[in-house]
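Below: the structure, in structure tokens.
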Amino acid sequence: MPDEARPDRSGLLVSLNFVREPQNCFEGVSINVRVLANSDAIGNGLAAAVLDSVCNQLVPVWFSDGSNKMLMHPDNDVARLVISGEPAPAHLQNEVTAWRERYTVFAATGWKYEQPAGIAGDGAKHSD
């Protein structure tokens, strides 16, 4: 990441997280991007640029604006299929299979995929 993405310059904290008892398979190992207090990273577009730079591999990416935590990668359709176990349509089959193969080890029982309402971004959401 560029020097401008340092937390003291960008207002964003980017970290690799490991969760022992994840709420869903995308929380076991993931990249988290958090907006720091008094940051303008959302307004000035830096948050979007950083998210674009980390949402390109088979690593889940979560974004927190301080009040909500949102799954940004994989996209909503893929995340729902990975979590539900439903068969993927042909155009998503390879991607869904790749995510399942890598992250089902973190699958937990008793959690449910939640479609976000009125949130910018796709994926699962819950309070921090």
Side-chain angles (χ1 to χ4, degrees):
M1 292 182 66
D3 206 36
E4 299 80 35
R6 288 181 8 195
D8 61 326
R9 293 184 180 178
S10 68
L12 297 170
L13 180 61
V14 180
S15 62
L16 182 61
N17 283 8
F18 300 92
V19 177
R20 184 178 299 225
E21 294 182 27
Q23 293 182 28
N24 64 58
C25 64
F26 297 118
E27 285 188 340
V29 174
S30 62
I31 295 171
N32 285 345
V33 179
R34 297 177 191 261
V35 176
L36 301 176
N38 302 316
S39 171
D40 188 36
I42 294 174
N44 67 22
L46 187 56
V50 168
L51 286 167
D52 284 346
S53 75
V54 296
C55 289
N56 59 0
Q57 300 291 320
L58 280 176
V59 179
V61 177
W62 294 87
F63 177 76
S64 175
D65 62 3
S67 60
N68 291 306
K69 180 178 172 183
M70 300 159 272
L71 181 62
M72 304 303 287
H73 182 67
D75 70 23
N76 191 40
D77 292 337
V78 171
R80 184 185 54 76
L81 290 165
V82 169
I83 290 171
S84 72
E86 295 173 24
H91 71 284
L92 294 176
Q93 190 168 16
N94 289 342
E95 185 176 3
V96 169
T97 299
W99 283 100
R100 285 179 178 158
E101 287 174 354
R102 184 165 290 185
Y103 289 97
T104 53
V105 69
F106 298 109
T109 58
W111 55 269
K112 177 179 150 187
Y113 180 78
E114 180 182 326
Q115 172 72 31
I119 301 294
D122 293 341
K125 175 191 100 161
H126 61 83
S127 297
D128 278 336

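If you're wondering where the values come from, they're calculated on a predicted model, not measured in any experiment.
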If every non-hydrogen atom of [X] is compared with every non-hydrogen atom of [Y], which pair is closest and at what distance?
X: G28; Y: P22; result: N-CB, 3.6 Å
X: A47; Y: L12; result: CA-CD1, 3.7 Å
X: S67; Y: D65; result: N-OD1, 3.0 Å
X: V78; Y: P74; result: CG1-CB, 3.7 Å

Is there a side-chain contact between [X] and [Y] in this structure, where contact means two heavy atoms from C-beta onward sitting under 4.5 Å apart?
X: V54; Y: F63; value: no
X: V59; Y: Y103; value: yes
X: L92; Y: D77; value: yes

For the atom pair [atom1] ([X]) and [atom2] ([Y]), what is the distance rounded to the nearest 0.5 Å?
X: W99; Y: F26; atom1: CH2; atom2: CZ; result: 6.0 Å
X: M72; Y: W62; atom1: CE; atom2: CH2; result: 11.0 Å
X: L81; Y: E86; atom1: CG; atom2: CD; result: 6.0 Å
X: L13; Y: R6; atom1: CG; atom2: CZ; result: 13.0 Å

Verdict with supporting geometry, C25 and V82, side-chain contact (heavy atoms from CB on, under 4.5 Å): CA-CA 9 Å; C25 64; V82 169; 3.9 Å; yes
I31, N56, V14, N32 screened by side chain to side chain contact (heavy atoms under 4.5 Å, CB included) with V61, the one that passes: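 The single option meeting the side chain to side chain contact (heavy atoms under 4.5 Å, CB included) with V61 is I31.
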Could you check N17 against V29 for side-chain contact (heavy atoms from CB on, under 4.5 Å), going step by step and ending with a plain yes or no? CA-CA 6 Å; N17 283 8; V29 174; over 6 Å; no
Using modelled atom types only, decide if a donor and an acceptor are shared between the side chain of [X] and the backbone of [Y] within a distance under 3.5 Å.
X: S39; Y: G11; value: yes
X: R100; Y: I83; value: no
X: H73; Y: D52; value: no
X: Q93; Y: P89; value: no

Do V33 and V19 belong together in a cluster built from hydrophobic side chains that touch within less than 4.5 Å?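 No, V33 does not connect to V19 through the hydrophobic network.
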With salt bridge (charged side-chain N to carboxylate O under 4.0 Å, His left out) as the criterion, how do E27 and K69 come out once you've worked through the C-alpha distance, each side chain's angles and the decisive distance to 0.1 Å? CA-CA 11 Å; E27 285 188 340; K69 180 178 172 183; 3.2 Å; yes
Above 12 or not: heavy atoms from other molecules or residues under 6.0 Å from CG of D8?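 Atom CG in D8 is packed in, count exceeds 12.
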Just wondering, are more than 12 heavy atoms of other shown residues or ligands nearer than 6.0 Å to CD in E21?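 Counting other residues, nucleotides and ligands, CD of E21 stays at 12 neighbours or fewer.
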